Colleague: 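Questions regarding the structure given below will be posed in turn.
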Amino acid sequence: VLITSYDLLRIDAEDFARREFYCCALDEAQYVKNHATKTARAAKRVRARHRFALTGTPMENRLSELWSIFDFLMPGLLGSYMRFREHFELDITGGDEDAARRLRSLVAPFMLRRLKADVLQDLPDKLESVVYVPMEAEQQRLYAAHEQQLRDALTLQKNNRNNKRFHERKVEVLAELTKLRQLCCDPRLLYENYAGHAAKLDAIAEIVESAMDAGEKTLVFSQFTSFLALIAERLDASGIPHYTLTGSTAKRKRLDLVNAFNEDDTPAFLMSLKAGGTGLNLTGASIVIHADPWWNAAAQAQATDRTHRIGQSKVVSVYKMIAKDTIEERILKLQEAKTGLADRIIGSGNAGVSLANLTEDDLIELLQP
């Protein structure tokens, strides 16, 4: 039996390719969802009589991810990627229900799906709610000015054929969208001299304090480590102990922090979504706060499941903090419009929005008040 990590598999690809195995199993198989990566290519070079792939998110953003996993499992079942794109992906993305049924009939016999509700019948409930936070005058003014500027630029670009093509400016547009999302969290993420209120910061601090008073522990997730730092500063000012975990936290220290949080009385744990979204057991918490929405709903669900898992004895309450009348509200609506894709193919309903697939019309719609 050989056990390895995806990083080492990529490095040792030549050695593995020279061997022949009875069985090869990929855990967290979403790591090979991008067929163009070295990791995916290394996994597909492993020769084995039997292959298995285990994942809770077989398709997060696009159909090509499902194709890539099946290209490891059963090369040729769905044809080459170009053929798959021509016969399935383009049609299904365009709303072709017949193509969706044909693809589902191909992959369904080879998929064994186990729902958490079926396996863990004694797991306490998970209650999710959206908290709409209205921004106050100064924050609202800054946000509105940035949004209007970006909206005008996109509209002008669409109407001006001589302007740079959309895909050439897309990176710039996405950078501006990130600024809008930061303004929704706290204008200090963009303006160091901002001295006004940040409505969402107040709301998060209030939930953490109320949970602490009730003897509950809270996980707070954010995309922005700079926002986590502001939340930490606010909790410090209120005398609320907390831990923080980000991508810069050493791997050995991560486990120490997780064990300490589950065992001691520290009421809050602040985490970046990417660093804390998978691989951690944090059943010591029963409150989860998503400080800002991510495009991909599956990534947020995985983060929530750090606490809603085996060993949890309390009802888990999940709060999604949304700045009212902003792009954050529209991200939620766009998620809802896109999540039907996975449900139509594999019944998971957890696909999200891919930044790479956002069209010009998608972006303009995101900026409509």
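None of the values given here were measured: they were computed from a predicted structure.
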Colleague: I need the minimum non-hydrogen distance between R330 and D325, along with the two atoms involved.
Modeller: NH2-O, 3.7 Å

Colleague: Atom CG of N281 and atom CZ of R306: how far apart are they, to the nearest 0.5 Å?
Modeller: 8.0 Å

Colleague: Can you see whether Q148 engages D152 through a side-chain donor-acceptor pair at a distance of less than 3.5 angstrom?
Modeller: yes

Colleague: Using the ring of Y132 (Phe, Tyr or Trp, six-membered ring only), decide whether K324 places NZ or CZ under 6.0 Å from its centre and within 45 degrees of its axis.
Modeller: yes

Colleague: In the structure I gave you, are the side-chain heavy atoms of D202 and H197 within less than 4.5 Å of one another anywhere?
Modeller: yes

Colleague: Evaluate side-chain hydrogen bond (donor to acceptor under 3.5 Å, both in side chains) for E128 paired with Y319, printing each intermediate quantity in order.
Modeller: CA-CA 6 Å; E128 297 187 272; Y319 299 98; over 6 Å; no

Colleague: Please report the closest heavy-atom contact between A36 and R41, naming both atoms and the distance.
Modeller: O-NH1, 2.6 Å

Colleague: Answer with yes or no whether the side chains of T307 and Q312 bring together a donor and an acceptor at under 3.5 Å.
Modeller: yes

Colleague: Are F224 and V131 connected into the same hydrophobic cluster when the rule is that any two of I, L, V, M, F, W, Y join if their side-chain heavy atoms are below 4.5 Å apart?
Modeller: yes

Colleague: Answer yes if the side chains of E28 and Q30 hold a donor-acceptor pair under 3.5 Å, and no otherwise.
Modeller: yes

Colleague: Is the side chain of H308 donor-acceptor paired with the backbone N or O of P124 at a distance under 3.5 Å, no angle test?
Modeller: yes

Colleague: Can you find a side-chain donor-acceptor pair between Y194 and E138 that sits under 3.5 Å?
Modeller: no

Colleague: Is it the case that one hydrophobic cluster holds both V208 and L245, taking links as side-chain heavy atoms less than 4.5 Å apart, direct or via other members?
Modeller: no

Colleague: Ignoring hydrogens and geometry, is there a side-chain-to-backbone donor-acceptor pair from D292 to Q223 under 3.5 Å?
Modeller: yes

Colleague: Please answer whether the main-chain N or O of L123 pairs with a side-chain N or O of R309 as donor and acceptor at a distance below 3.5 Å.
Modeller: no

Colleague: State yes or no: do Y243 and V220 share one hydrophobic cluster built from I, L, V, M, F, W and Y residues joined by side-chain heavy-atom distances below 4.5 Å, directly or via other members?
Modeller: no

Colleague: Indicate whether the side chain of T55 and that of K33 have a donor and an acceptor atom separated by less than 3.5 Å.
Modeller: no

Colleague: Do L150 and L177 make a side-chain contact, defined as non-hydrogen atoms from C-beta onward lying under 4.5 Å apart?
Modeller: yes

Colleague: Roughly how far, to the nearest 0.5 Å, is CG of L26 from NZ of K44?
Modeller: 10.0 Å

Colleague: Has D186 got a side-chain atom pairing as donor or acceptor with L189's backbone, closer than 3.5 angstrom?
Modeller: no

Colleague: Hey, do the aromatic rings of H50 and Y22 have their centres closer than 6.0 Å?
Modeller: yes

Colleague: Look up atom CG in D256 and atom NZ in K253, then write down how far apart they are to the nearest 0.5 Å.
Modeller: 9.0 Å

Colleague: Okay, side chain of S210, backbone of E206: is any donor-acceptor separation there less than 3.5 Å?
Modeller: yes

Colleague: Which heavy atom of V133 sits nearest to which heavy atom of A203, and what is that distance?
Modeller: CG2-CB, 4.1 Å

Colleague: When you check the gap from the basic side-chain N to the acidic O, do K200 and E328 get nearer than 4.0 Å?
Modeller: yes

Colleague: Looking at F261, I'd like to know if the NZ or CZ of K217 sits under 6.0 Å from its six-membered ring centre while staying within 45 degrees of the ring's axis.
Modeller: yes

Colleague: Determine the interplanar angle of the Y31 and Y6 rings, folded into 0 to 90°, and report it as parallel if under 30°, tilted if 30 to 60°, perpendicular if over 60°.
Modeller: parallel

Colleague: Please examine the side chains of N193 and R188, heavy atoms only from C-beta on, and report whether any two atoms are closer than 4.5 Å.
Modeller: no

Colleague: If only side-chain N and O atoms count, and only distance matters, is there a donor-acceptor pair under 3.5 Å linking T304 with H290?
Modeller: yes

Colleague: May I ask you to decide if A100's main-chain N or O and R104's side chain share a donor-acceptor pair within less than 3.5 Å?
Modeller: no

Colleague: Check the hydrophobic clustering (I, L, V, M, F, W, Y; side-chain heavy atoms under 4.5 Å; chains of links allowed) and say if L66 and L77 are grouped together.
Modeller: yes

Colleague: For P293, is there any backbone N or O sitting under 3.5 Å from a side-chain donor or acceptor partner on R181?
Modeller: yes

Colleague: Please examine the side chains of F269 and T218, heavy atoms only from C-beta on, and report whether any two atoms are closer than 4.5 Å.
Modeller: no

Colleague: Check whether any side-chain heavy atom of F110 lies under 4.5 Å from a side-chain heavy atom of M74, and answer yes or no.
Modeller: yes

Colleague: Identify whether L257 and F221 are in the same connected component of the hydrophobic contact network (ILVMFWY, side-chain heavy atoms under 4.5 Å).
Modeller: yes

Colleague: How many angstroms lie between atom CH2 of W67 and atom CZ of F72, to the nearest 0.5 angstrom?
Modeller: 13.5 Å

Colleague: Any heavy-atom pair between the side chains of I287 and I207 that's under 4.5 Å?
Modeller: yes

Colleague: Shortest non-hydrogen contact from P134 to A199?
Modeller: O-CB, 3.3 Å

Colleague: Measure from NZ or CZ of R45 to the centre of the six-membered ring of F16, then state whether that distance is under 6.0 Å and the direction lies within 45° of the axis.
Modeller: no

Colleague: Counting C-beta onward and ignoring hydrogens, is there a side-chain heavy-atom pair between L201 and F227 closer than 4.5 Å?
Modeller: yes

Colleague: Please name the pair of heavy atoms, one in R254 and one in T246, separated by the smallest distance, quoted to 0.1 Å.
Modeller: NH2-O, 3.6 Å

Colleague: Measuring from atom NE2 of H35 to atom CD of E65, what distance do you get when rounded to the nearest 0.5 angstrom?
Modeller: 10.0 Å

Colleague: What do the steps show when you test D264 against T266 for side-chain hydrogen bond (donor to acceptor under 3.5 Å, both in side chains), and what is the final call?
Modeller: CA-CA 6 Å; D264 65 22; T266 303; 3.2 Å; yes

Colleague: Just by distance, do the side chain of N259 and the backbone of L255 share a donor-acceptor pair under 3.5 Å?
Modeller: yes

Colleague: Say whether, by atom type as modelled, one donor and one acceptor occur between the side chain of Q149 and the main chain of A145 under 3.5 angstrom.
Modeller: no

Colleague: Do Q139 and Y143 have side-chain atoms, one donor and one acceptor, less than 3.5 Å apart?
Modeller: no

Colleague: Between R10 and T39, do the side chains contain an N or O donor and an N or O acceptor separated by less than 3.5 Å?
Modeller: yes

Colleague: Quick one: do E147 and K179 make a salt bridge, cutoff under 4.0 Å?
Modeller: no

Colleague: Would you say I3 has more than 12 foreign heavy atoms packed within less than 6.0 Å of its CD1?
Modeller: no

Colleague: Is there a side-chain contact between L235 and L270 in this structure, where contact means two heavy atoms from C-beta onward sitting under 4.5 Å apart?
Modeller: yes

Colleague: Atom CG in L63, atom CG in L103: separation rounded to 0.5 Å?
Modeller: 6.5 Å

